[in-house]
Amino acid sequence: MMEEEKLKIGVVSCSGEDCAGGTISRLATRKMMDELRPDNTVTICLPLFLAGGQEERMFAKECPTIAVDGCDKACAKRATEKYSGKVSSGILVSDLIGSAAAEKPALSTRDITTEHQVMVDQVAAEITRQFDEIMAKNCQEQSKSSSTCSCRGNCDC
Amino acid sequence: MSKKYAVLPCNGLDKCAGQMAKEIALLACEKTGSELICPVFYRVADARYDKIAKENPLLVVDGCQTRCASKLAAEKGLKIYRKMTVTEQAQKHGLQLAVEPLRLWKEELALCAELADKLVKEEETPQDSATAVEYPMPHDYIIHTKDKFSFRIPPEGFYFTENDCWVQSLGNRARIGVTDYVQQSLSDIMFFTPPVVGTEIEQFGEAGTIESGKAVFELVCPVSGKVTAVNTELLTAPERINENPYERGWIAELELTQFDEEQDFLLNVEEYLNILKKKVAEFHVNKR
């Protein structure tokens, strides 16, 4: 019997060299992958995606994606939609932590303060909320067409 | 006041090496007051970084062998002043990079600091002792043509390896370089890493690398010897290799140690021409 694949959601983070919001995006995305939803999160390497990485582009075409952008230039969202199709959801870090904080110069991980960590947690919580919504929606659609759900207990179905 | 650069890291998110590339770039900028280029935003919008990248010496930090930052520099037509690849450097320093989690720990951060220092350190140009005698330049070339592609080979005075490198000897000295096939396969060469002057290289050992947006080519030294000079013109104008790899595009000069014995392992013009024809047939198929 074939094992059913778990639904994977791609979190496409801004690469973050232009502002601190980018660093917050990266750290929040990493938190999703390492701690919050490790089994269902896939990160997409944005520089590779832009350089023509076919695996990344195919994944983003076939699976739901959440774009996490540091500022309103929205590089992650724009790039994903240009090469792979519409994102399922988008987060603008500057909306969550404020433009003044997001638009400060790029941050090194050596200089992360408690205040930055709070911002990371705040953004990660919003990614998780949107992540779970997408997962639940997918489960509802799946349960309409089959008796099994691919989330394996990650939703309320 | 230290020299100011434009620093272009790969910034990859899904590997530890990409995280390190970002850290190295930030440290290099802090140390020198240089400008950081965001590889993602640079692709999305040229205007912000074009001037910075063209007016300052460009330092490129790639995380892995995918070389996204180098490829971006090639696409933008930028000349790379200096570059490093984190995975290669980690290997040289005996550091095993974690696959996951991606967090940088003490060891990785210490290496980032060391590599950032190395990246911005200005070393003196290697002291050459190039021979005063002029190497005879080929008067004409054997040209092998296949459809729109033409490949040159000097008709005499050169020996070759199967890996498309050449040697031209003159007494107990020799020049080495790559063949026309290599430069055409790589297309626009954008970076040259020379062998170190004074080092001893064995026959078929590595003698520097050349790099284009497509690939990195490791030069296989056709002969054993001590490196006495490198073609420093290539450091600022690697395109000389594209113009003519047998003349101004030579790579290095060596003091030969056992050329008589080693000639048996090299190819003469006819032998190399036969190999070239086979390679060109495949090259041609791949190019169609």
Side-chain angles (χ1 to χ4, degrees), chain A residues 10-23 25-36 38 41-56 59 67-83 105-112 120, chain B residues 6-31 35-45 48-49 61-75 98-106 108-110 112-113 116 213:
Chain A
V11 182
V12 193
S13 172
C14 142
S15 202
E17 287 302 1
D18 208 50
C19 61
T23 311
S25 310
R26 288 168 74 97
L27 293 173
T29 301
R30 220 167 61 191
K31 187 167 178 163
M32 289 296 294
M33 198 168 78
D34 292 343
E35 298 168 27
L36 300 175
T41 306
V42 172
T43 55
I44 289 177
C45 178
L46 197 52
L48 177 59
F49 181 88
L50 285 166
Q54 284 308 312
E55 284 180 8
E56 325 276 303
F59 176 84
V68 187
D69 279 298
C71 67
D72 58 11
K73 290 178 196 110
C75 296
K77 186 178 176 188
R78 284 166 65 189
T80 311
E81 297 198 334
K82 181 172 178 184
Y83 294 109
L107 265 175
S108 160
T109 45
R110 287 166 291 117
D111 302 326
I112 298 292
V120 171
Chain B
V7 188
L8 174 63
C10 90
N11 249 9
L13 181 69
D14 65 352
K15 290 193 184 103
C16 180
Q19 307 281 358
M20 287 180 68
K22 176 189 162 77
E23 279 300 311
I24 293 164
L26 280 167
L27 280 167
C29 288
E30 280 172 19
K31 281 172 196 293
E35 300 275 358
L36 191 61
I37 297 177
C38 175
V40 172
F41 192 43
Y42 194 22
R43 270 192 196 277
V44 179
R48 180 181 168 115
Y49 295 119
V61 191
D62 280 312
C64 66
Q65 294 297 345
T66 315
R67 302 183 307 118
C68 293
S70 293
K71 285 177 183 166
L72 175 59
E75 278 173 39
V99 177
E100 55 185 333
L102 301 173
R103 195 157 295 141
L104 302 182
W105 301 103
K106 201 174 161 189
E108 285 90 4
L109 288 170
C112 287

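Naming convention: chains lettered A, B, ... in sequence-line order (proteins, then strands); numbering from 1 in each chain.
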| query | So which part of B/Leu72 gets closer than 4.5 Å to some heavy atom of chain A, the side chain, the backbone, both or neither? | reply |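 For B/Leu72, neither part sits under 4.5 Å from chain A.
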| Which portion of A/Ala106 sits near chain B, non-hydrogen atoms under 4.5 angstrom |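 When you check distances to chain B, atoms from both the backbone and side chain of A/Ala106 fall under 4.5 Å.
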Output the distance between atom [atom1] ([X]) and atom [atom2] ([Y]), rounded to the nearest 0.5 Å.
| X | Y | atom1 | atom2 | value |
| --- | --- | --- | --- | --- |
| A/Leu50 | B/Lys71 | CG | NZ | 13.0 Å |
| A/Cys75 | B/Tyr42 | SG | OH | 14.0 Å |
| A/Leu46 | B/Arg43 | CG | CZ | 9.5 Å |

If you take all heavy atoms of [X] and [Y], which pair is closest and at what distance?
| X | Y | result |
| --- | --- | --- |
| A/Arg26 | B/Asn11 | NH1-O, 3.0 Å |
| B/Leu26 | A/Leu107 | CD1-O, 3.4 Å |
| A/Ser108 | B/Glu23 | OG-OE1, 2.7 Å |
| B/Cys68 | A/Ala51 | SG-CB, 4.1 Å |

| said: Is it the case that atom NZ in A/Lys77 sees more than 12 heavy atoms from other parts of the structure closer than 6.0 Å? | reply: no
| request: Give a yes or no on whether A/Glu55 atom CD has more than 12 heavy-atom contacts from other residues, nucleotides or ligands under 6.0 Å away. | output: no
| query | Does the side chain of A/Cys14 come within less than 4.5 Å of B/Val40's, by heavy atoms? | reply |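 Counting from C-beta outward, B/Val40 and A/Cys14 never come under 4.5 Å.
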